Amino acid sequence: MSSAWDYSPAPESTDMVDIRGDYGLFIDGTWSEPASGEYMKTINPATEEVLAAIPVADETDIDRAVAAASKAFKKWSKLPGSERARFIFRIARVIQERSRELAVLETMNGGKPIKESRDLDVPLAAAHFFYHAGWADKLEYAFPARKVEPLGVAAQIIPWNFPLLMLAWKIAPALATGNTVVLKPAETTPLTALTFASICEQVGLPPGVVNIVTGAGATGAMLVRHPDVQKVAFTGSTEVGKEIQRAIAGSGKRLTLELGGKAANIVFDDAPLDQAIEGIVNGIFFNQGHVCCAGSRLLVQEGVFDALIAKLKHRLGTLRLGDPLDKNTDIGAINSRQQLDKIKELVGAGIDEGAELYQADCPLPERGFWFPPTVFTGVSQSHRIAREEIFGPVLSVLTFRTPEEAVEKANNTPFGLSAGVWTEKGSRILWMADRLKAGVVWANTFNRFDPASPFGGYKESGFGREGGRHGLEPYVRLG
Ligand code: NAI
Ligand code: MG
């Protein structure tokens with residue numbers, strides 16, 4: 001591409017973040033070393049530079065954290081809703097005040113472009129706390145004529161793709177409904193959760209209401225199994241979701257699971273193609289495709305296939321991949337080497353199974369974990385790249401002739417989290433939305449989020465809803 005179109009570097013400053021050499025566990029309002037004395041390193045996936053040492057919590061630490069949350073529950077659950085709302089509102093305000101720090105941290109620790117962490121992750125996290133501050137004293141209106149009681153201690157396990165935002169989705173409804181929390185962030189992205197702990201201190205949240213414990217899968221497994229936990233909320237892989245479901249079966253613990261997806265993004269021949277291209281690009285390349293509701297299967301009506309693919313290939317060539325802290329970057333780093341290996345394996349399977357690969361011609365940085373924007377055409381429904389979640393910047397394109405065929409192909413998946421429909425006809429949007437087995441159906445847009453709108457899946461994408469009035473339900477006992 002002509003150098004006339006190159007952008008000068010525009011890196012966001014990292015001056016406002018203060019990353020400590022090592023962190024503690026945040027239990028009962030104080031910072032402590034892990035009982036085991038064991039730490040793990042967290043890195044910047046764009047540079048492989050070590051950012052900090054993170055404690056690995058074991059059984060003793062989990063016991064302490066759950067005990068602190070149980071103790072705090074006694075008072076927190078009795079506070080008037082308007083008092084809880086004040087704390088939640090303050091948290092939202094401080095997230096706004098510290099938004100640049102949080103966005104830079106999120107980008108450094110997770111690899112996502114700063115324009116996404118700055119314009120989506122952090123503002124949506126604040127919005128989620130604002131929204132739930134509003135519910136805290138109105139639960140009797142959320143559930144008219146019912147007695148509404150909190151459950152107790154919520155064990156919350158979150159993934160690495162939207163670390164702060166998933167924390168907000170978990171913690172805000174739990175606190176609004178009067179529960180207390182022990183949350184474990186993902187092993188690759190603990191820094192914004194630990195910074196959130198300092199926000200809890202800053203707003204004077206009573207000790208033990210929010211506890212943050214770090215560690216890998218083993219720590220999470222201990223947390224969800226703890227007998228004094230009443231509610232488990234998990235976002236992550238379908239595999240671990242099933243394991244958690246088995247582990248707590250019969251315990252009486254309430255469970256919500258938000259798992260994987262393989263969403264169909266369906267383009268009809270009357271769709272405005274240029275807008276659809278933007279929706280397709282957003283659908284699969286937003287956050288490097290590390291998105292459970294990513295539009296990873298593009299279904300194109302045959303009549304517009306050639307025109308659409310030509311436009312898509314052109315658009316791929318304009319995406320800028322590189323330094324996630326650069327304000328012009330569209331595609332950042334892959335979150336971890338493990339995730340990069342998974343993407344490479346599935347792309348290899350796509351090639352072996354005979355799909356046709358197209359990749360934008362973009363140089364990859366030497367250090368760090370990177371994968372170029374990738375499109376597969378000639379994909380059939382039996383290919384692994386059409387069935388399995390890749391969780392990377394890889395789009396599989398299939399075609400269809402009739403709306404019935406589009407529905408049949410879209411629903412031919414074990415998942416059911418989201419879908420997109422692109423068409424000029426309002427009636428067709430409604431017809432499709434009725435038939436698509438997906439928790440969210442976007443029409444002529446994609447990846448839109450609002451705290452008032454419930455989000456969640458069908459089938460292997462999990463159960464339970466987060467956001468909106470529906471998202472309060474998993475945290476309350478209704479009398
Ligand atoms: P994962 O499901 O292993 O990790 C998610 C969270 O669960 C992390 O905090 C992890 O420490 C914790 N965890 C792991 N094993 C656990 C256990 N036995 N008990 C309790 N907690 C446990 O996901 P992973 O391995 O990072 O990614 C694998 C694949 O999962 C990805 O390639 C992607 O396809 C999918 N995924 C889906 C996400 C979503 O948003 N629905 C988020 C992250 C991953
Ligand atoms: Mg895993």
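All residue numbers in this chain count up from 1 along the given sequence. Whatever order the structure lists ligands and atoms in, that order sets their numbers, starting from 1. In this text, all values refer to a predicted model and were calculated from it rather than measured experimentally.
- For the 3.5 Å distance criterion, the side chains of Thr413 and Lys437 fail to qualify, holding no donor opposite an acceptor.
- Aromatic ring orientation, Trp442 versus Phe446: tilted (interplanar angle from 30° to 60°).
- Of all the listed residues (Leu417, Thr235, Asn335, Ile390), Thr235 holds the heavy atom that lies closest to atom 5 (C) of ligand 1.
- Given atom 39 (C) of ligand 1, the protein heavy atom at minimum distance is Cys292 CB, 3.5 Å.
- A cation-pi geometry, defined here as NZ or CZ lying under 6.0 Å from the six-membered ring centre and within 45° of its normal, does not hold between Lys459 and Phe415.
- If you look at Phe449 and Phe286, their ring centroids are not closer than 6.0 Å.
- Shown in contact with Pro159 at under 4.0 Å from a heavy atom are these atoms of ligand 1, numbered in order with element: 42 (C), 43 (C).
- No donor-acceptor contact under 3.5 angstrom links the side chains of Trp370 and Gln288, judged on distance only.
- Considering only non-hydrogen protein atoms, atom 10 (C) of ligand 1 sits nearest to Glu187 OE1, 3.4 Å.
- Checked by atom type, the side-chain pair Ser117/Thr107 shows a donor-acceptor distance below 3.5 Å.
- Shortest contact from atom 25 (O) of ligand 1 to any protein heavy atom: Gln338 NE2, 4.1 Å.
- Counting the atoms of ligand 1 from 1 in the order shown, those under 4.0 Å from a heavy atom of Glu258 are 41 (N).
- The single protein non-hydrogen atom nearest to atom 12 (C) of ligand 1 is Ile157 CG2, 3.6 Å, given as residue, atom name and distance.
- Among protein heavy atoms, atom 27 (O) of ligand 1 sits closest to Trp160 NE1, 4.0 Å.
- A donor and an acceptor atom, one from each side chain of Trp76 and Asn179, are nowhere located under 3.5 Å apart.
- Side-chain contact, Thr42 with Asn109: a donor N or O sits under 3.5 Å from an acceptor N or O.
- Counting only N and O atoms by type, the side chains of Arg387 and Gln381 include no donor and acceptor under 3.5 Å apart.
- In Ala216, the part holding a heavy atom less than 4.0 Å from any atom of ligand 1 is the backbone.
- The nearest heavy-atom contact from the protein to atom 18 (N) of ligand 1 is Glu243 OE2, 3.1 Å.
- Listed by atom number, the atoms of ligand 1 under 4.0 Å from Gly220 heavy atoms are 19 (N), 20 (C), 21 (N).
- Counting only non-hydrogen atoms, the option in Cys293, Ala221, Ser237 that gets closest to atom 30 (O) of ligand 1 is Ser237.
- Nearest protein heavy-atom neighbour of atom 9 (O) of ligand 1: Ile158 O, 2.8 Å.
- If you check each of Arg225, Lys342, Glu388, Lys184 against atom 31 (C) of ligand 1, the one with the closest non-hydrogen atom is Lys342.
- Atom 16 (C) of ligand 1 has its nearest heavy-atom neighbour, among Asn161, Val240, Thr188, Leu223, in Val240.
- Remark: aromatic rings of Phe129 and Phe196 are close, center separation under 6.0 Å.
- When only interatomic distances are considered, the shortest N/O to N/O separation between Leu259 and ligand 1 falls below 3.5 Å.
- Close contacts between ligand 1 and Gly236 involve ligand atoms 2 (O), 36 (N), 37 (C), 38 (C), 39 (C), 41 (N), 42 (C) [criterion: under 4.0 Å to a heavy atom].
- Close approach to Phe234 involves these atoms of ligand 1, each under 4.0 Å from a residue heavy atom: 2 (O), 6 (C), 7 (O).
- In this structure, atom 38 (C) of ligand 1 lies nearest to the protein heavy atom Phe391 CZ, 3.4 Å.
- In this model, a donor atom of one side chain and an acceptor atom of the other lie less than 3.5 Å apart for Gln359 and Thr374.
- With a 4.0 Å heavy-atom cut-off, ligand 1 is reached by the side chain of Gln339 but not by its N, CA, C or O.
- In this structure, Lys231 satisfies the cation-pi test against Tyr475, with its NZ or CZ atom closer than 6.0 Å to the six-membered ring centre and inside 45 degrees of the ring normal.
- You'll find the ring centres of Phe455 and Trp169 inside the 6.0 Å limit.
- Neither the backbone nor the side chain of Phe162 has any atom closer than 4.0 Å to an atom of ligand 1 (non-hydrogen atoms only).
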